[in-house]
Amino acid sequence: MNADPLEIQKFSELAHRWWDPTSEFKPLHEINPLRLEWINARAALSGKKVIDIGCGGGILTESMARKGADATGIDLSDKALKVADLHSLESGVQVRYELIAAEDMAAREAGQYDVVTCMEMLEHVPDPGAIVKAAATLVKPGGHVFFSTINRNPKAYLYAVVGAEYLLRMLPKGTHDYGKFITPSELAQFAREAGLQVDGLKGMTYNPLTKIYSLNQDTSVNYLVACSRPL
Ligand code: SAH
């Protein structure tokens with residue numbers, strides 16, 4: 001199985017705090033409007049069939065459903081999925097959650113989705129290329145696939161590990177493993193090998209003074225990639 005049990009356990013242990021906007025998941029809450037609008041601008045979510053791979057507690061999944069998408073979230077953390085499910089019941093937003101590996105879902109529901117998202121997850125799996133391939137299998141011809149992850153270079157180590165985990169203490173120590181970070185060119189290579197076309201690359205930065213995240217051209221630490229499956 002293409003999953004690291006320790007990674008899944010890490011997220012499971014924190015899952016009860018997933019929707020607390022002041023918790024370890026604060027960064028995901030703060031970046032969510034930015035990534036949601038970026039995805040929506042490219043893929044017009046309303047009425048689309050969407051699958052969110054590595055959905056966790058469902059911050060992005062639920063927000064896509066609120067935009068009118070028919071949304072499914074999959075993850076391998078049972079606890080995170082339970083939290084996601086409870087939250088969607090509470091907020092009255094219709095979302096389907098399932099504990100299933102991306103590769104298994106791809107075998108079962110190939111070519112059935114207009115939009116596939118996989119955010120902040122590839123840097124936690126042993127074989128990210130296989131997840132990219134599963135995403136490419138799940139999407140319909142002409143559909144969109146979005147990824148986000150962390151670049152691998154000295155600045156990314158300084159900001160995403162030393163800065164976020166040790167200096168600013170925004171994330172628990174050990175959240176990220178530098179060796180698993182992925183450069184944009186590696187991710188683009190995975191995408192092309194999976195038959196996807198790379199349409200755009202966006203940087204995401206955090207200003208520790210203003211505490212504000214923004215999307216821009218600086219892909220040196222956090223970044224998002226937009227892909228599509230040719231018709
Ligand atoms: N995508 C969500 C959550 C990111 S946290 C968001 O951006 O808001 C990373 C998530 O990936 C966790 O929920 C974790 O359980 C999940 N994950 C890690 N490895 C996985 C794997 N191999 N398969 C599916 N999910 C995985």
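Whatever order the structure lists them in is the order used to number ligands and atoms, beginning at 1. Residue numbers run from 1 in the order of the sequence given. Atoms considered below: every heavy atom in the structure, side chains included; atoms not considered: hydrogens, waters and symmetry mates.
Here Arg108 pairs with Glu98 in a salt bridge; the nearest charged N to carboxylate O distance falls below 4.0 Å. Between Asp85 and Arg96 no salt bridge is recorded (no basic side-chain N to carboxylate O distance below 4.0 Å).
Counting atoms of ligand 1 from 1 in the listed order, those under 4.0 Å from a heavy atom of Gly56 are 13 (O). Here is the list of ligand 1 atoms found below 4.0 Å of a heavy atom in Ser77: 15 (O). Close approach of ligand 1 to Met119 is summarised as follows: ligand atoms under 4.0 Å from at least one heavy atom of the residue are 1 (N), 2 (C), 4 (C), 7 (O). Shown in contact with Ala3 at under 4.0 Å from a heavy atom are these atoms of ligand 1, numbered in order with element: 22 (N).
Residue Asn2 touches ligand 1 through its backbone alone, judged by heavy-atom distances below 4.0 Å. At a heavy-atom distance under 4.0 Å, atoms from both the backbone and the side chain of Glu120 approach ligand 1. For Ala80, no heavy-atom contact with ligand 1 is shorter than 4.0 Å. If you look at Val125 next to ligand 1, the close heavy atoms, those under 4.0 Å, all belong to the side chain. Within the 4.0 Å heavy-atom criterion, the part of Trp18 lying near ligand 1 is the side chain and not the backbone.
Looking only at heavy atoms of the protein, atom 5 (S) of ligand 1 is closest to Phe11 CE2, 3.5 Å. The single protein non-hydrogen atom nearest to atom 6 (C) of ligand 1 is Arg35 NH2, 3.4 Å, given as residue, atom name and distance. In terms of protein heavy-atom proximity, atom 3 (C) of ligand 1 is closest to Gly54 O, 3.3 Å. Among protein heavy atoms, atom 19 (N) of ligand 1 sits closest to Ile8 CD1, 3.5 Å.
Atom CZ of residue Arg192 and atom CG of residue Leu187 lie 10.0 Å apart, to the nearest 0.5 angstrom. Atom CG in Asp114 sits 3.5 Å away from atom NZ in Lys140 (nearest 0.5 Å).
For the ring-ring contact (aromatic ring centres under 6.0 Å, His included) test, no residue two or more places apart in sequence or in another chain qualifies with Tyr159.
The side chain to side chain contact (heavy atoms under 4.5 Å, CB included) test with Met119 is passed by exactly one of Ile39, Ile59, Ile53: Ile39.
Within the 4.0 Å heavy-atom shell around ligand 1 one does not find Ala101.
Applying the ring pair (Phe, Tyr, Trp, His ring centres under 6.0 Å) test to every pair with at least one member in residues 72-110, sequence neighbours left out, gives these pairs: Trp19-His87.
Side-chain contact check for Asn32 and Ser63: at least one donor-acceptor pair (N or O, by modelled atom type) lies under 3.5 Å.
Under a cut-off of 6.0 angstrom, the local environment of CD in Gln94 is sparse, with at most 12 non-hydrogen atoms contributed by other residues, nucleotides or ligands.
When Val83, Asp75, Ile131 are ranked by how near their heavy atoms come to atom 13 (O) of ligand 1, first place goes to Asp75. Closest heavy-atom approach to atom 25 (N) of ligand 1 within the set Glu62, Glu103, Met121: this belongs to Met121.
Ring pair Tyr178/Phe181 is perpendicular by interplanar angle, where above 60° counts as perpendicular and below 30° as parallel.
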